[in-house]
Amino acid sequence: MKITIGHLYPDLLNLYGDRGNIQCLMKRCIWRGIEAETIAFELNDTIDFSKLDIVLLGGGSDREQMLVCEKLKKIQEDFKAYVEQDGVVIGICGGYQLLGKYYKTAQGMMQGLSLVDMYTEQGDSRLIDNIVLQSDLFEMPVVGFENHGGRTFIGDNKPLGKVLYGSGNDGKSGYEGVVYRNVIGTYLHGPLLPKNPQLADELILRALRKKYGKDIELSSLDDSQEKSANDYIYQRFVKSEE
Ligand code: GLN
């Protein structure tokens, strides 16, 4: 079995160790004897989505997002088809915002990919802190760090999780992230996947099942260190507040 990861625009969307997310996906495949390859795309590259099993868009500053969004029109149609055919996508922070219809800032309006029916507007402060979620996809909490000026409104879409500590999508709803088909969007950096192996495995499993069949299961790995790091964050920010 083989997984091909498409890393979109790592030269621009690469805040807070997003490359660590790629390393994590690759390693968790390789440790299980699953072949893994990453193709990094630059802005003017042509992307053949039919060759990709997971697409990752990382975080970026408003300025970098603006540069990226000018090029998104070119890939929008193919990317949308990939999503509607249950292609797996993980969008983080700036990359999460670009999955929606638009991101409106004081400096201008950025048209997004319109892959998910949601939108983002800049607020009057930045939401910066550690963050902890409870997601009904996993038993283990999802932990990370958020730093965003945008407030994301996901409408009737399903959130990734309920905020136990931190601000989340818009600082008010009490929810964070979005799940639409096999697309997961979230504000969590840190990087996200090494801190949350359950989420990394969810992406790998969804990609393998789509490619090789619904009965695929993942063998378990020794995640004791990741689990104790995750639990430390949970105890520090959630338990201590109770
Ligand atoms: N530039 C976006 C914002 O400030 C996303 C930031 C990020 O990716 N950390 O909301």
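These numbers were taken from a predicted model, which means no experiment stands behind them. Both ligands and their constituent atoms are indexed starting at 1 by order of listing.
- Within ligand 1, counting atoms from 1 as listed, the ones closer than 4.0 Å to a heavy atom of Gly59 are 8 (O).
- Interface of Gly150 with ligand 1, defined as ligand atoms under 4.0 Å from a residue heavy atom, comprises 3 (C), 10 (O).
- Short contacts between ligand 1 and Leu15, defined as distances under 4.0 Å to a heavy atom of the residue, involve ligand atoms 7 (C), 8 (O), 9 (N).
- Residues Tyr102 and Glu121 meet the side-chain proximity criterion, which asks for heavy atoms closer than 4.5 Å.
- Between the side chains of Asn169 and Arg151, no donor-acceptor pair is found at a separation under 3.5 Å.
- Side-chain polar atoms of Ser173 and Asp170 form a donor-acceptor pair below 3.5 angstrom.
- Within ligand 1, counting atoms from 1 as listed, the ones closer than 4.0 Å to a heavy atom of Arg126 are 3 (C), 4 (O).
- Of the residues listed (Arg28, Arg209, Lys27), the one engaging Asp201 in a salt bridge (charged side-chain N to carboxylate O under 4.0 Å, His left out) is Arg28, and it is the only one.
- Near His148, the atoms of ligand 1 lying under 4.0 angstrom from a non-hydrogen atom of the residue are 3 (C), 4 (O), 10 (O).
- In terms of protein heavy-atom proximity, atom 2 (C) of ligand 1 is nearest to Gln65 OE1, 3.1 Å.
- Atom numbering of ligand 1 starts at 1 in the shown order; those under 4.0 Å from a heavy atom of Gly149 are 3 (C), 4 (O), 10 (O).
- Close N/O approach between Gly60 and ligand 1 is found [any backbone or side-chain N/O within under 3.5 Å].
- For Glu64, the heavy-atom gap to ligand 1 stays at 4.0 angstrom or more.
- The pair Asp86-Lys210 does not count as a salt bridge, with every side-chain nitrogen at least 4.0 angstrom from each carboxylate oxygen.
- Inspection of the Gln76 and Ser114 side chains reveals no N or O donor paired with an N or O acceptor under 3.5 Å.
- Here's the thing with Cys93: none of its N/O atoms is less than 3.5 angstrom from an N/O atom of ligand 1.
- The ligand atoms of ligand 1 that sit less than 4.0 angstrom from a heavy atom of Asn147 are 6 (C), 7 (C), 9 (N).
- At a heavy-atom distance under 4.0 Å, only side-chain atoms of Tyr103, from C-beta outward, approach ligand 1.
- Between Ser61 and ligand 1, a contact under 3.5 Å exists for no N or O pair.
- Note on ring orientation: taking the six-membered ring where Trp is involved, the planes of Tyr96 and Tyr187 are perpendicular (angle over 60°, cut-offs 30° and 60°).
- Between His7 and Arg19 the shortest side-chain heavy-atom distance falls below 4.5 Å.
- The shortest N/O to N/O separation between His189 and ligand 1 falls below 3.5 Å.
- Residue contact check: Gly94 has heavy atoms under 4.0 Å from atoms 5 (C), 7 (C), 8 (O) of ligand 1.
- Between Met26 atom CE and Ile54 atom CD1 the span is 10.5 Å, to the nearest 0.5 Å.
- For the residue pair Asp62 / Tyr103, a side-chain donor-acceptor distance below 3.5 Å is found, with atom types taken as modelled.
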